[in-house]
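Here's the structure we're looking at; comments come further down.
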Amino acid sequence: MRSHQITKGIERAPHRSLLKAIGYTDSELERPLIGIAQSANEVIPGHIHLDRICTAVKDGIRMAGGTPMEFSTIGICDGIAMGHTGMKYSLASRELIADSVESMARAYPFDGLVILPNCDKIVPGMIMAAARLDIPTIIVSGGPMRTGVCNGKEIDLITVFEGMGKYQVGELDEAGLKELENAACPGAGSCSGMFTANSMNCLTEALGIALPGNGTTLAVDAARIRLAKESGRALMKLVGKNITFRQLLTREAFLNALVVDMAFGGSTNTSLHLPAIAHEAGCSLTLDDFHAASQKTPHICNMSPGGPHHLEDLHQAGGVYAIMLELGRKGLLNQECLTATGRTVAENFADFSVAVKNPEVIRSPDHPYHATGGLAVLKGNLAPDGAVVKQSAVAPEMLKHQGPARVFETEEDAFAAIIERRIESGDVIVIRYEGPQGGPGMREMLSPTAALAGIGLDKEVALLTDGRFSGGTRGAAIGHISPEAAAGGLIGLVREGDTIAIDIPNQKLELLVDESELQKRQAAWRKPEPKIKSGYLSRYARLVGSAASGAVFD
């Protein structure tokens, strides 16, 4: 066992002495030592309850003959960090989380690892670390939040963001906004729509690195505690068979995840995180793979923000494995991939009695909401390396659009223009120098997109950026434009009034300016001074690569 490096032999007496100072007994130190990387804290609603889930994981490990050893990581809530400097740290924190988990699991040679995140960048950060470590590992998420209800209508966090826009233009009074604020997030869990956190948590099932139910079992359900105990027991089986993380994270598993992602219409941020995880696992995964998956996969779940359904609806309809069952019947899924149960996807279908229980929430691929997947990858002179849009959340009238550029150097400037009604129907808002290097940190921009929806322009105005969008964004919001402005990308040369052509069905994004004029602009362009010149973000900006390849460190 790996843990023998600190528990076996006369020469390890000092190590055992220190472990006994913590309270471990000889019999506990003779068992497999299992690290639990958990991110409970009092600043993220999706993590406020993780201590209880961690206790359940420990129970499962002990029941199966292991000794759990808990340690902590940091975590940032994108919703709370949104719209201010804090958002610059969100994506950047993914690398810190990965490094911290790797450091702990190298310093303490655990025989197995349980990763216990729930929200935003914590999920991919921990998975990236596990891919580096390549020891037996299972993920247990904290689970999604219950759907909010206000005046008899189902709502979520995005309702509040869009309510803010309605308040600004007089369509909602302060009392009405307060009602939304008090009802949208009813308790612990990751926000209730198919936003970034829930997209990634659901994809852990498709990747085979979590037990079925991990993505959709509600945070507050007793079933989540039972799942945590079973996950601890399942991890011990992986340790016993020495099934390591990279044996699960194969290229075929990633391709399965892409197909499931397209079927449920996940966050555009999956196009950052899945390639980053694949990079750590030694696999190749590109935006071209996303495009191929989208072209062949029907969109069969209409989840918030683009549709009416929430995670508890999906869970009651059969969950992620029911989606996978439908995709498998159409030959879109590799059912021979090994999973965290120690069995294949096909065997899990039988073992867990998988079935679709609500054909409106999970439609048949023969009767989808859309013929192609939830995400689209666009290319053209404005994004030669690619850009990403959640096409399932775009109004039909905005799938093809051509209009004048309204250029802003920061998210704040664009938001002010929207709220002050300086944006007109048909405009194409361009927000640049918000990419991984230029931001730095590639901020999510839910505030401007929610404001557009709140004032009723989401079906009339497009928004382009080298930054990114929340999984809660809807509308013609095209992000991850690569190369970014700070790296010399064409988005940095766009001028006010230039015509931009968007063609989502044909995957095109073009700046309609003569090549000779663009060459003049390129010759005059100078890389701007860094916005932040000290601290972690300064180092991050120097190390981070393109969004097109997952914004991993070069």
Side-chain angles (χ1 to χ4, degrees), residues 42-49 76-87 90 119-120 144-198 218-220 267 302-313 393 395 411-425 429 443-461 463 469-475 477:
E42 297 182 351
V43 293
I44 305 178
H47 290 226
I48 191 66
H49 64 309
I76 293 174
C77 172
D78 280 17
I80 298 172
M82 193 76 64
H84 59 91
T85 301
M87 181 48 74
S90 175
C119 293
D120 300 313
M145 188 182 289
R146 287 191 298 112
T147 308
V149 177
C150 185
N151 297 320
K153 295 182 178 180
E154 291 189 345
I155 64 172
D156 54 38
L157 178 65
I158 307 311
T159 316
V160 187
F161 272 97
E162 294 181 0
M164 178 180 60
K166 292 180 179 179
Y167 172 79
Q168 294 284 355
V169 298
E171 294 183 15
L172 186 69
D173 62 19
E174 188 171 351
L177 183 59
K178 178 64 73 172
E179 277 193 284
L180 295 179
E181 174 187 328
N182 289 338
C185 300
S190 48
C191 296
S192 58
M194 191 59 81
F195 314 144
T196 303
N198 287 326
L218 287 180
V220 296
S267 165
N302 203 17
M303 307 292 292
S304 175
H309 300 134
H310 292 85
L311 265 291
E312 62 186 288
D313 300 316
E411 175 192 1
E412 290 83 355
D413 290 345
F415 180 72
I418 294 167
I419 293 300
E420 294 165 10
R421 307 304 290 268
R422 290 186 278 120
I423 300 299
E424 299 179 359
S425 177
I429 298 170
R443 288 192 288 180
E444 281 187 351
M445 300 187 189
L446 180 55
S447 295
T449 58
L452 283 173
I455 64 177
L457 285 177
D458 57 305
K459 297 180 181 179
E460 302 172 23
V461 171
L463 197 158
F469 295 110
S470 163
T473 286
R474 61 185 174 97

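In this chain, residues are counted from 1 in sequence order.
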For the [atom1] atom of [X] and the [atom2] atom of [Y], what is their distance to the nearest 0.5 Å?
X    : Y    : atom1 : atom2 : value
I155 : E181 : CD1   : CD    : 10.5 Å
I423 : L452 : CD1   : CG    : 7.5 Å
T159 : E179 : OG1   : CD    : 13.0 Å
S304 : M194 : OG    : CE    : 10.0 Å
E424 : E460 : CD    : CD    : 11.0 Å
C191 : I158 : SG    : CD1   : 7.0 Å

Quick one: closest heavy-atom pair of [X] and [Y], and the distance?
X    : Y    : answer
C150 : A183 : CB-CB, 4.1 Å
V461 : S425 : CG2-CA, 4.2 Å
F469 : L463 : CZ-CD2, 3.4 Å
R422 : A416 : NH2-C, 3.8 Å
A451 : F415 : CB-CE1, 3.8 Å

Mind checking whether [X] and [Y] have side chains closer than 4.5 Å, heavy atoms only?
X    : Y    : answer
E444 : S90  : no
E154 : D313 : yes
I76  : M87  : no
I455 : R421 : yes
I429 : P448 : no
I48  : E42  : yes
F195 : D156 : yes
R474 : E162 : yes

Donor-acceptor under 3.5 Å (H47 side chain, C119 main chain): yes
Is there a donor-acceptor pair under 3.5 Å between the side chain of E312 and the backbone N or O of T147? yes
Does the side-chain contact (heavy atoms from CB on, under 4.5 Å) test come out yes or no for I418 and L457, once each step is laid out? CA-CA 9 Å; I418 294 167; L457 285 177; 5.8 Å; no
Please evaluate residues I80 and V43 with respect to the criterion side-chain contact (heavy atoms from CB on, under 4.5 Å), reporting the C-alpha separation (whole Å), side-chain torsions for both, the decisive distance (0.1 Å), and the verdict. CA-CA 9 Å; I80 298 172; V43 293; 5.7 Å; no
Picking from D120, T196, N198, what satisfies side-chain hydrogen bond (donor to acceptor under 3.5 Å, both in side chains) with S267? T196
Could you check L446, T473, T449 and say which one makes a side-chain contact (heavy atoms from CB on, under 4.5 Å) with F161? L446
side-chain contact (heavy atoms from CB on, under 4.5 Å) between M303 and L311, worked out: CA-CA 8 Å; M303 307 292 292; L311 265 291; 4.0 Å; yes
